[in-house]
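Presented below is the structure to which this report refers.
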Amino acid sequence: MTRRPAREPRTRPTLATATRGRILFGGDYNPEQWPEETWQDDVRLMKDAGVNSVTVGAFSWARLEPRPGERDFGWLDRLMDLMHEHGIGVVLATPTSAPPPWMGRLHPDTLPRDADGRIEWWGGRQHFSHSSATYRRYAAAITEDLAARYGAHPALTMWHINNEYCTADYGDEAAAAFRRWLRERYGTLDALNTAWGTAFWSQGYDSWDGIIPPRRAHYLNNPAQVLDFRRFTSDMLLECFTAERDIVARHTPHLPVTTNFMPLFAGQDAWRWAEEEDVVSVDLYPDPCDPLGGRSGALVQDLTRSQARGPWMLMEQAAGPVNWRGVNHPKPRGLNRLWSLQAVARGADAVCYFQWRQSRQGAEKFHSGMVSHAGENGRTFQEVREIGADLRRIAPYTVGTRLTADVAVLHDWHAWWASEQDGRPSTRVDHAAVLHAWHGALWDAHLTADFAHPEHDLTGYRLVVVPQLYLLTDAAVDNLLGYVRRGGTLVCGFLTGVADQDDRIRPGGMDPRLRELFGIRTLHEWWPLEEGETVPCADGLTGTLWSEELEAAEDAVVETVYRGGELDGLPAVLRTGRAWYVSTLPEPDDLRRLLERIAAGAGARPPLDGLPAGVEAVRRGTLLFLLNHGRAPVTVPVPGTHRDLLTGSRVSDEVTLGRYGVAVLTP
Amino acid sequence: MTRRPAREPRTRPTLATATRGRILFGGDYNPEQWPEETWQDDVRLMKDAGVNSVTVGAFSWARLEPRPGERDFGWLDRLMDLMHEHGIGVVLATPTSAPPPWMGRLHPDTLPRDADGRIEWWGGRQHFSHSSATYRRYAAAITEDLAARYGAHPALTMWHINNEYCTADYGDEAAAAFRRWLRERYGTLDALNTAWGTAFWSQGYDSWDGIIPPRRAHYLNNPAQVLDFRRFTSDMLLECFTAERDIVARHTPHLPVTTNFMPLFAGQDAWRWAEEEDVVSVDLYPDPCDPLGGRSGALVQDLTRSQARGPWMLMEQAAGPVNWRGVNHPKPRGLNRLWSLQAVARGADAVCYFQWRQSRQGAEKFHSGMVSHAGENGRTFQEVREIGADLRRIAPYTVGTRLTADVAVLHDWHAWWASEQDGRPSTRVDHAAVLHAWHGALWDAHLTADFAHPEHDLTGYRLVVVPQLYLLTDAAVDNLLGYVRRGGTLVCGFLTGVADQDDRIRPGGMDPRLRELFGIRTLHEWWPLEEGETVPCADGLTGTLWSEELEAAEDAVVETVYRGGELDGLPAVLRTGRAWYVSTLPEPDDLRRLLERIAAGAGARPPLDGLPAGVEAVRRGTLLFLLNHGRAPVTVPVPGTHRDLLTGSRVSDEVTLGRYGVAVLTP
Amino acid sequence: MTRRPAREPRTRPTLATATRGRILFGGDYNPEQWPEETWQDDVRLMKDAGVNSVTVGAFSWARLEPRPGERDFGWLDRLMDLMHEHGIGVVLATPTSAPPPWMGRLHPDTLPRDADGRIEWWGGRQHFSHSSATYRRYAAAITEDLAARYGAHPALTMWHINNEYCTADYGDEAAAAFRRWLRERYGTLDALNTAWGTAFWSQGYDSWDGIIPPRRAHYLNNPAQVLDFRRFTSDMLLECFTAERDIVARHTPHLPVTTNFMPLFAGQDAWRWAEEEDVVSVDLYPDPCDPLGGRSGALVQDLTRSQARGPWMLMEQAAGPVNWRGVNHPKPRGLNRLWSLQAVARGADAVCYFQWRQSRQGAEKFHSGMVSHAGENGRTFQEVREIGADLRRIAPYTVGTRLTADVAVLHDWHAWWASEQDGRPSTRVDHAAVLHAWHGALWDAHLTADFAHPEHDLTGYRLVVVPQLYLLTDAAVDNLLGYVRRGGTLVCGFLTGVADQDDRIRPGGMDPRLRELFGIRTLHEWWPLEEGETVPCADGLTGTLWSEELEAAEDAVVETVYRGGELDGLPAVLRTGRAWYVSTLPEPDDLRRLLERIAAGAGARPPLDGLPAGVEAVRRGTLLFLLNHGRAPVTVPVPGTHRDLLTGSRVSDEVTLGRYGVAVLTP
């Protein structure tokens, strides 16, 4: 049942290779932006803050290879030596996410095009075509030379490949690669025509050469083509990753390799990618002015931990504001610490930032650094120092330890890709938002959750939650059925199991076996709700976003029905045995209560009783983390006596947490 | 005066050829999307539902011509035979709205470009350039072969050319065609320069070769060029239609030919097109969650009936939700029936759907079918069966009969095209919305209206309503003046008669003869209103959207004046004799009351007195249709005794209609 | 310190050459749009209205050069003679803003491209590439011939080059020109790489050939590249201007040359441009339905006067509505007169319109003219006549006189260009809006202000106001410091002095010398506010848009502090001595009060005491203009006895102004 094996079993290094008992603390460091005098000041402040790891080189290609084939490693030699001299480990990045200007000039074939045929020129970043043979050749060469030169450097602790892979390409070389990819996937044109349903709108392909990316069309692209193009894009970017990974791994088989994900980013099948990484790392930027920022951060942390199947790396966060929102808020005092410790609570063994020193020039000069424009006296750096100290205090108790969760939330990128296309029942249904709503309700209920892929082995979880998996493969349906059959409790949100792997609607609009599982005789119609529209239910629950015209099977238990309107009296929530179906998106408190009830029935409980709202409680290893996400102080009942690792003091029966306060309790 | 003759008089078949006393009932049928086993099930359900007509082949090009010049008719032979065997007529569509992928691959010249120069690639539909000689050659060939093969097939009842013609093209081949079209229209460059007013902004053309479509410009395209490009686009698409029509008509002179309009679609001069069709058909998709959906449907039905000058065909409607709105609502129980019977009430002899069986794949898999994903037990199909039965009940009394109307509403696409351009007094003025507001007020007043072109013969109408005709030709002005001179009552909304056929502003900002007709001495300024702004009038009427600074002539009757603001005391509504001018858009109830009053004065009356709001009453032939568009039951006073064809029961003095209830009364 | 000298000192003609004691009154005149019979009517009406100046030829290129190299001057000869015959001066425009269609057809290299690579085609206007050698050659030739032919014509009073220069170009010829411009600016690639901070994101250029305009990028263009591209665009357009200017100046050294600015237009460094003009002229179109329209007009007038360093020309205003807003309002009765006299009050010696006679065709046929569609009996023309008479009454007292102001507002296009880019703290900060807020507060306080460039000599101003200068050169910082050191009072808004000339963030996030000047020890963080968010301060002031986490120096005077929220107790407004820093945007009344207080302390006072709100009072030369911007009559206390030049009557102690009323008082 598990989807894991992928690469043949091998003994690869892990994050532990780099942490060696410490929590990695530091960030992206771009010394090439500064005169070498500043490096000395950097080292002084790094040591002051307890920085033990920096990521170097992510945007150094033009510096390392100023002209095609030339190499300028001198500055990096000096930097690596300097770091080593001061005991700071270096995560060395391949610079391949930002090719130098000469590459676009000499090789326009390396530039990507969007669906409208527009070139993405150099002058920004990530302007490379994943399908360009020229780009890949240059990328391999610089990676090879970097690995050869620094593979044995004592400062080197890890490899970081590229940065935030994300660039799609609709151009001609990508079209050729797409055809190769499809040929491999489908074998025959007949199979492709069947999978894509090309009988619709006269799209039958008589030649592989006729297939193109889903470029701008007059009206509505073929959805299976779009789905496959997203799969292809993820796979091609992954090919770029593995090509570079294999080079560095050949030079340094003892060092782990990572690339950084963006948080819940739609563009990569991160389950698949994680299988190819030694260390799973993520960039995480909740909005500091979002009162639910910590809650949404928890989702990304749980997802990353689940992908890593153990300790993970927070590769990037911001010490202060970012620069890409409409209005970019700084972090209020204490929030950086809260969210940093939250990451550790949820399994991180590395807490890093983009970036060490805020840039004075370039497109991100308004993105904060650990050392902000205000310098070492700025509040930002002062808080960074405190966080460094806190991490040192708790590291001995946390590094390498794991969390266990009773609850699993299922997520799959292919379902996301298939569901978010043009021409669907409601453009108001945002896959990520639905995921956040369900995970957030678990968070509100203080229930720690893992994430899992719908084909993963779910044994051991008391409760499996499916917020929305529009596309489910046969194997995934088998998996869910088997899970319930073996005693598991399953709760599914709407628009689940609608389509098969080719985005082909399942008979009856929802997989018949799932309908039977939940006790749905007929799914007559989907009734999406308008902006601002809600629908009341008999038990007081209020539905949002969606409702459904369902006919229950005879053996179904109708938990609540819609009240009023066209659906009056029809089931809103129903179940057969332990398999629940929720045909609307309950309002946050209603969803929380519903999940609390189902979880309790399944034997899944919060780490503590009586937890106040907004207080996050997570057990990692033997530790109990308590995190106050509110600005008002709060008292948490904690039976027994514990030691708070952060303060060193003993606490009995209760803990009071100040604004954004944290306690890390050990028995 | 009438603009009709167009093609030389000939005896062409009509819709009656296909209906033969029945109301056509059925829909688009795409058997190529299903295994042939499913066809048997289709036939069973079609017969169950009373389906007697299916439209086949609209998107079958790639199936029929899998490679250039090849033909695969076997499946279609079998399908045609099967339909015939079961007594189901086939409207055979030419597949030319969706060329196969090989066409774009081998002939990129067939692909259209938008105003920004972006190609519209294959992978959707309607990706053909109307000006492409290559496309036209292939389209003619497949049409020829289809007509030759199936012209004599007994299942064949009608031809359907292409589907929802709409694709513009700004590319080079279209540019050459545009020049040819202009040369034909204007003869000389001088005439073109005069018509386009190229003395403005130095746009004088010294060569036909210098003329291009109105592609992306730095600032504001020439409006007459834009207007002519819209005329050209409509004409070129019409050329595509007539080329295919002439082919099939040669093979089957006895069978009618149609193409389906989109409802009140801006892209075709549907008056002109209708002249070239044997059957006028339309696709109609009011929003089921729009409480005025039935009212706006009535407009499209009246327009289509007027274009058809007799019975017309509802080619497409949805049995449930569509998939192209932001939020796509199903039809509540009863609404499909209500709107289907409304179409018959307003003159349709064919009630069809897109599509028979909901697709499982492709871009429209969330667009409902008569057989939805829920299958034959779904509510959707169950209601379709009931509608089929209703139509059979009333067909003997309705097919071939006509409506008469006392009121004509004038509409002209050229006026629309000229008025909705950049750089005008108010972008808030939406031609279609204004048309809906005026027609809707007539509907609210229970007044049945035809539509007419401003150059049509208006004799016989008691009241002519001009919601807005920004552009009026001299002939149209003559026509209006003659109509009033001969005793007709005319009421015009603002922005009427502003421009001549070349979008040249008439002296004084409004045709002087019209100003004299209404009693306007000087039109000082237009005062468009802001979002949310209204303007009160002395008699309680509230104006929206627009107001005007008018000076009345001495002989004018000022019906009401503006109150407050800059226009205080100036005429809002004025008239001379039977010629009324309304310089604002009254709020719905105010406009209804105004039209009721004017209509009453002109001797135009509703079919019944005392009709409740939301109840539509229409007389077709000898029948009286009563349709309740509300969800609450309502009682309608109907003097005398009638038989309700739907229930077979007799009713006296009043009829009670349930939610979405319909009665079809015969004396 | 002053940035003025630019061109070597020379004796150039000024606006006085053209006015000769009169206020120029008239507008753009496009006789080629009308039959010559109409010209006679034009002359009759012009004389009736007192028109003494028309601008001819701005869009006549296709008429003057109907085919490449041909010339058709006959019509213009007749027109010039006609104007001369009737004593109407002609401002002759070069027609180079709208190349004829043949130019694009024969020379596609003359067409500009946008950042997405899209061509801007002919069919509108301004479709020329500033970098095109072909365009420049044709433009020079037609200019040469015009100057040669009409240089000695007695009707000619001034030259008007092109029209509203604004078109950027991202194409290949522009790219080559950009490289030449950069080479001249930076000399070496090293210098460019340093200035652009290309070490960020691997953008180091190894070859001049690698540099392109900031075309569409995958993510965030280099901001210094964007800044330089905007500088380059302004400079290239200026080159186009000076090339034509030098041609006409050679032929007519005695006649002044201008080109018309758009009001507060972002695309040109108007300080730099003004240095190259003999007459500074501007187009001004406040929204007639904006109650603050007159206030925002005052800003443009003050800016234009300051650029002109003396009398200036209102080249274009609208007698009624424009056609480019969403909803285009006419001017209520009296508003045209009010705003025309306001221009004179604020230094204009020319009050002109676009255009004389409203066009019947073309893209601006809904833009009003002095003679509107309603003709000579229309309200619009009747008001124009009155304005002409008013201007004749006051001209003897105003022409050539100057205003003096105690207050200077600093503005710099480079600061604007650097600050309004992607990836900044808040996209809600709109440079122009902030400028309007501050200047508007001065207007509300009845304080007359000049504008100045931050490197201009500020001596003589009692108060210097810096609404926001994100970028300040070292020289500008020197200038501000020197100004305060020499006794001046300075008040600065937030986001000032953040970056240097290369958009490099100053140490500490704000120039250290400025921080010291204001008494800011540490600028910890910027706290931009969300839409609708405000922040209260201790003294009742309410901040909007922005706030800051500041730490005051010991010697600073904290004028008020933030109350509540994260910034509770931190300085909102502080100063050291006469140097004030305002870290938020106070609400309008709060900002007015703050500036009144600071101005009073600096000895800057309104022209009169006790001025009611909405009444503008300006002293020009010996005259006192009083302008009522409200619709309600108002009485203004004016000590002593004056004569009102408009009415000829004497007024004592007070003046009553009706709706939109104006008095021009002389002692």
Side-chain angles (χ1 to χ4, degrees), chain B residues 116-118 193-207 209-226 421-428 498-499 502-510 521-531 533 549 551 566, chain C residues 30 32-34 59-64 66-67 95 97-102 104-106 112 114 116 118-127 166-167 289 320-321 323-333 358-368 372-375 377-380:
Chain B
D116 280 351
R118 296 177 296 193
N193 279 316
T194 300
W196 285 13
T198 58
F200 185 81
W201 282 2
S202 176
Q203 296 172 354
Y205 291 93
D206 67 310
S207 154
D209 292 343
I211 301 173
I212 51 175
R215 294 175 179 162
R216 180 183 192 75
H218 181 80
Y219 183 53
L220 296 180
N221 289 92
N222 179 306
Q225 180 186 9
V226 172
Q421 296 208 10
D422 295 332
R424 55 193 168 118
S426 171
T427 55
R428 295 188 62 234
V498 172
D502 298 324
D503 192 17
R504 185 185 290 105
I505 303 295
R506 300 270 186 186
M510 184 179 181
R521 174 176 293 138
T522 307
L523 167 46
H524 287 288
E525 293 285 2
W526 293 302
W527 287 81
L529 304 182
E530 295 287 335
E531 182 71 39
E533 192 184 359
E549 185 175 348
E551 191 176 327
E566 291 294 321
Chain C
N30 296 294
E32 68 273 39
Q33 293 175 20
W34 303 92
F59 294 104
S60 304
W61 200 343
R63 184 73 187 270
L64 293 170
R67 268 159 296 273
S97 74
W102 55 254
R105 172 171 61 92
L106 299 175
D114 71 7
D116 280 351
R118 296 178 297 193
I119 294 172
E120 294 178 343
W121 297 85
W122 64 91
R125 70 179 196 188
Q126 294 159 323
H127 48 280
C166 59
T167 311
C289 86
N323 70 326
W324 40 264
R325 292 195 169 91
V327 177
N328 295 289
H329 288 255
K331 286 185 167 162
R333 184 178 296 277
Q358 188 164 11
S359 297
R360 294 182 60 196
Q361 294 183 275
E364 297 191 323
K365 59 186 181 295
F366 292 116
H367 184 114
S368 59
S372 72
H373 290 314
N377 295 320
R379 173 170 68 79
T380 301

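Since the structure is predicted, the reported quantities are computational estimates derived from the model, not experimental observations. Lettering of chains follows the sequences in order, A, B, ..., and the numbering in each one begins at 1.
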Sort [X] into side chain, backbone, both or neither according to what part of it lies under 4.5 angstrom from a heavy atom of chain C.
{"X": "B:Arg506", "result": "backbone"}
{"X": "B:Leu523", "result": "backbone"}
{"X": "B:Glu551", "result": "neither"}
{"X": "B:Trp526", "result": "both"}

Checking the side chain of B:Gln203 only, and the main-chain atoms of C:Gly124 only, is there a donor and an acceptor separated by less than 3.5 Å? yes
Quick check against the 3.5 Å criterion: does B:Asp503 have a side-chain atom that pairs as donor or acceptor with the backbone of C:Gln361? no
Just how far is it from atom CG of C:Asp116 to atom CZ of B:Arg118, taken to the nearest 0.5 Å? 8.5 Å
Value for CZ (C:Arg67) from CG (B:Asp206), rounded to nearest 0.5 Å, stands at 5.5 Å
Salt-bridge contact C:Arg360-B:Asp502 (side-chain N to carboxylate O under 4.0 Å): no
Assess the residue pair B:Arg521 and C:Asn377 against the criterion (side chain to side chain contact (heavy atoms under 4.5 Å, CB included)); give the C-alpha distance rounded to whole Å, side-chain angles, the decisive distance to 0.1 Å, and a yes or no. CA-CA 10 Å; B:Arg521 174 176 293 138; C:Asn377 295 320; over 6 Å; no
Looking at B:Gly423, B:Ser426, B:Gly509, B:Ala499, which has the largest count of heavy-atom pairs under 4.5 Å with chain C? B:Gly423
Would you call the rings of C:His329 and B:Trp527 parallel, tilted or perpendicular, where under 30° means parallel and over 60° means perpendicular? perpendicular
Tell me if the centroids of the rings in C:Trp324 and B:Tyr219 come within less than 6.0 Å of each other. no
